[in-house]
Asker: 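Below is the structure I would like to discuss, written out as structure tokens.
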There are 2 protein chains.
Amino acid sequence: MISNATRSLSVTDHLREAILSGGLPAGTKLQEVRLSEELGVSRTPIRAALQSLSAAGLLDYAPNRGYVVREFPISELVDAYEIRGALEGLAARFTAERGLVDSQRQTIEQSLARGADILTSSSVMNDHVLGIIGETNAGFHDTIMEASLNRLLSQMTQMSFQIPRVSNRNIIAFSLDELRQRHDEHYLIYEALLARSATKADTLMRDHVASVKFAAVRALRETR
Amino acid sequence: MISNATRSLSVTDHLREAILSGGLPAGTKLQEVRLSEELGVSRTPIRAALQSLSAAGLLDYAPNRGYVVREFPISELVDAYEIRGALEGLAARFTAERGLVDSQRQTIEQSLARGADILTSSSVMNDHVLGIIGETNAGFHDTIMEASLNRLLSQMTQMSFQIPRVSNRNIIAFSLDELRQRHDEHYLIYEALLARSATKADTLMRDHVASVKFAAVRALRETR
DNA sequence: TCAATTAATTTTGTATACATTTTCAAATTG
DNA sequence: CAATTTGAAAATGTATACAAAATTAATTGA
């Protein structure tokens, strides 16, 4: 069932969140009239949202038969990390080849400093730490994506980011040691970008994503 | 201006073709009422088409300001081939790791045989040869994409395929020798897939796409 | 004459009625 | 009793009217 509370978000964001959070399990038929009644809007914005989410790969669509939340098998989760690694590696390569502008460098340094701050000060793992690290992580990766100045690439990477969240209904449970390793990897990638070492940046980024992949798969195995 | 002749195609296909063929140059505002009048349908299917093409990355969109055909700079064409190489290389890797089923093997062999047939028999380059080769090319790559059994990957690759066509309003002018080289590369990739040599298949596919990239860039430089 | 404001036009956002297709169940027939 | 057919219900596809926002032009003021 879909909450009607948050009307501030667009219908598309609302439905996407419901799918990615697991509120709408795979196989759920998303019917236009039903959704329009539940969300209190007409069928028109509902249709727009369904088309958008279908294009993003979250829904299956068949003409005259409507939209269904599609399956997200674990095997595809693994593949998604492989794809993400290849794309983000390429983004790191592009960024290293073209160089960082000052504002990008500052943004990355701030996210790194913020991550280092909390990882050196706190000795216990809790939701607060995970939250901060999650934000700095996103900031780091997003900046490199934007820095590569390639709309196509960033668009694709956004797509490949959505899949892992589906199966990760619980946030991946990293240990503090693991988080520190991931942070060190971020720092090494940043150094490669500064040194304009394209191949090194590519390789480091791919390995970094592979490490996250292992943690995600392990977390998934443990929770089942 | 948009031809109203081909009504068999959907509105989305019609508009996509108009954009990719250059009939609607970058910067063109696509207005709903205008398009609905020109194509003889209501605004509803027009809106669906515009949303779909925007999600596919062909149109820029701003709320309350509509859709505009976006720019496709040459630099992005080059990047698109890099992305395509990374993704198709990954697809080749997946396919090699998981193996080809008989039907896939047959499809690939047929496309290879058809390509070999025309490339060995004909000694002159014309539109007929280019057309046949174009089809067999698409068949080869599509089969590997499908064989990798990854919807996410095939979806992304379809996206990265669209960009090159935009700047290539004229089909890339390959020579017969070049086409034969590309065909040989296809055959080597196929052998690597059969041998389950994942890394080799990946590398060969990336190099193959890189070769096509060089030809595309050269063709673009020559026509300007 | 130039700038700012306001009004009119244009364009997109939304709602809703109608058309077409599909689906499911009941009824009919062998 | 099983299989097919048929019809009603429900779902998506389309068209159109109305609302809200943005753009453009005109007008007013200095």
Side-chain angles (χ1 to χ4, degrees), chain A residues 1-19 23-71 151 155, chain B residues 1-19 23-71 151 155:
Chain A
M1 188 56 60
I2 300 170
S3 157
N4 197 1
T6 56
R7 184 65 58 81
S8 60
L9 289 110
S10 73
V11 176
T12 305
D13 294 332
H14 188 85
L15 286 177
R16 184 191 294 111
E17 201 55 35
I19 295 167
L24 295 170
T28 305
K29 283 192 66 174
L30 296 185
Q31 295 166 337
E32 300 176 0
V33 285
R34 183 191 177 88
L35 288 173
S36 71
E37 287 167 0
E38 287 181 357
L39 296 178
V41 294
S42 81
R43 277 179 57 206
T44 308
I46 299 287
R47 283 179 68 81
L50 293 177
Q51 286 165 10
S52 170
L53 294 173
S54 176
L58 297 179
L59 300 177
D60 278 328
Y61 166 76
N64 294 311
R65 300 192 53 177
Y67 299 84
V68 178
V69 179
R70 83 170 178 95
E71 294 278 352
R151 292 175 43 164
Q155 196 176 1
Chain B
M1 187 57 60
I2 300 171
S3 158
N4 197 1
T6 56
R7 184 67 55 80
S8 60
L9 289 107
S10 74
V11 176
T12 306
D13 294 332
H14 188 85
L15 286 177
R16 183 191 294 111
E17 202 55 34
I19 296 167
L24 295 171
T28 305
K29 285 190 65 173
L30 296 185
Q31 295 166 336
E32 298 176 1
V33 285
R34 183 190 177 89
L35 288 174
S36 70
E37 288 167 0
E38 288 182 355
L39 297 178
V41 293
S42 81
R43 275 179 57 208
T44 308
I46 299 287
R47 282 179 69 82
L50 293 177
Q51 286 165 9
S52 170
L53 294 174
S54 176
L58 296 178
L59 301 177
D60 279 329
Y61 166 76
N64 294 312
R65 300 194 55 176
Y67 299 84
V68 178
V69 179
R70 84 170 177 94
E71 293 278 350
R151 292 176 40 167
Q155 197 176 0

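Residue numbers begin at 1 in each chain, while the letters A, B, ... track the order of the sequences.
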Asker: Considering only C/dA15, D/dT12, C/dT12, which nucleotide approaches the side chain of A/Pro45 most closely?
Answerer: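 Comparing C/dA15, D/dT12, C/dT12 against the side chain of A/Pro45, the answer is C/dA15.
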
Asker: Which whole-number value in Å describes the distance from B/Leu30 CG to C/dT11 C1'?
Answerer: 13 Å

Asker: Using a heavy-atom cut-off of under 4.0 Å over every strand shown, decide if B/Tyr67 touches base, sugar-phosphate, or nothing.
Answerer: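 Nothing: the residue B/Tyr67, judged by heavy atoms under 4.0 Å, touches no strand.
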
Asker: Between the two ends of the helix from C/dT1-D/dA30 to C/dG30-D/dC1, what is the bend in degrees, rounded to 10 degrees, where each end axis spans five pairs?
Answerer: 10°

Asker: In whole angstrom, give the distance that lies between atom NZ of B/Lys29 and atom P of D/dA22.
Answerer: 13 Å

Asker: Examine the base of C/dG13 for any acceptor or donor lying under 3.5 Å from a partner atom in the side chain of B/Arg43, and report the outcome as yes or no.
Answerer: yes

Asker: Within this structure, what is the CD-to-C1' distance between A/Gln31 and C/dT22, rounded to whole angstrom?
Answerer: 12 Å

Asker: Taking the minimum atom-to-atom distance to the side chain of B/Tyr61, which one of C/dG13, C/dT11, D/dA11 wins?
Answerer: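 Nearest listed nucleotide: C/dG13.
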
Asker: With rounding to the nearest 0.5 Å, note down the distance linking NE2 in A/His14 to CD1 in A/Ile46.
Answerer: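 Spacing of NE2 (A/His14) from CD1 (A/Ile46) equals 9.0 Å.
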
Asker: Which nucleotide, C/dG13, D/dT14, C/dT22, lies nearest any side-chain atom of A/Arg65?
Answerer: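 Looking only at side-chain atoms, A/Arg65 lies closest to C/dT22.
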
Asker: In whole angstrom, give the distance that lies between atom CG of B/Leu50 and atom C1' of C/dT12.
Answerer: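 In whole Å, C/dT12 C1' and B/Leu50 CG are 11 Å from each other.
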
Asker: Within this structure, what is the CZ-to-P distance between A/Arg47 and C/dT16, rounded to whole angstrom?
Answerer: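 Whole-Å distance recorded here is 16 Å.
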
Asker: With rounding to the nearest 0.5 angstrom, report the CG to CG distance, A/Leu58 to A/Leu15.
Answerer: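 So the gap between those two atoms works out to 10.5 Å.
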
Asker: Under 4.0 Å between a side-chain N/O of B/Ser42 and OP1 or OP2 of D/dT14, yes or no?
Answerer: no

Asker: Whole Å only: how far is the CD atom of B/Gln51 from the C1' atom of C/dT14?
Answerer: 12 Å

Asker: Compare every heavy atom of A/Ser36 with every heavy atom of A/Val33, then report the nearest pair and how far apart it is.
Answerer: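 Between these two residues, the closest heavy atoms are O-OG, 2.7 Å.
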
Asker: Given that B/Gly66 and A/Asn64 both sit by DNA chain C, which one's nearest nucleotide is further toward the 5' end?
Answerer: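 Result: B/Gly66.
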
Asker: Output the rounded distance in Å from CD (B/Glu37) to P (D/dT16).
Answerer: 12 Å

Asker: What is the separation between atom CD on A/Glu32 and atom P on C/dT21, rounded to the nearest whole Å?
Answerer: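 Rounding to the nearest Å, CD of A/Glu32 and P of C/dT21 are 16 Å apart.
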
Asker: I need the full list of side-chain hydrogen bond (donor to acceptor under 3.5 Å, both in side chains) pairs touching residues 44-54 of chain A, with sequence neighbours left out, sorted by first then second residue.
Answerer: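 Qualifying pairs, neighbours excluded: A/Glu32-A/Arg47.
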
Asker: Can you tell me how far the CG atom of A/Leu24 sits from the CZ atom of A/Arg16, to the nearest 0.5 Å?
Answerer: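 One gets 13.5 Å once the value is rounded to the nearest 0.5 Å.
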
Asker: Looking only at heavy atoms, what is the nearest atom pair of A/Ala26 and A/Arg70, with distance?
Answerer: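 The answer is CB-O, 3.5 Å.
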
Asker: Kindly point out which of C/dA15, D/dT14, C/dT12 is positioned nearest to the side chain of A/Thr44?
Answerer: C/dA15

Asker: What closest approach, in Å, do B/Pro25 and B/Val69 show between heavy atoms, and which atom pair accounts for it?
Answerer: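 Shortest heavy-atom contact: O-CB, 3.6 Å.
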
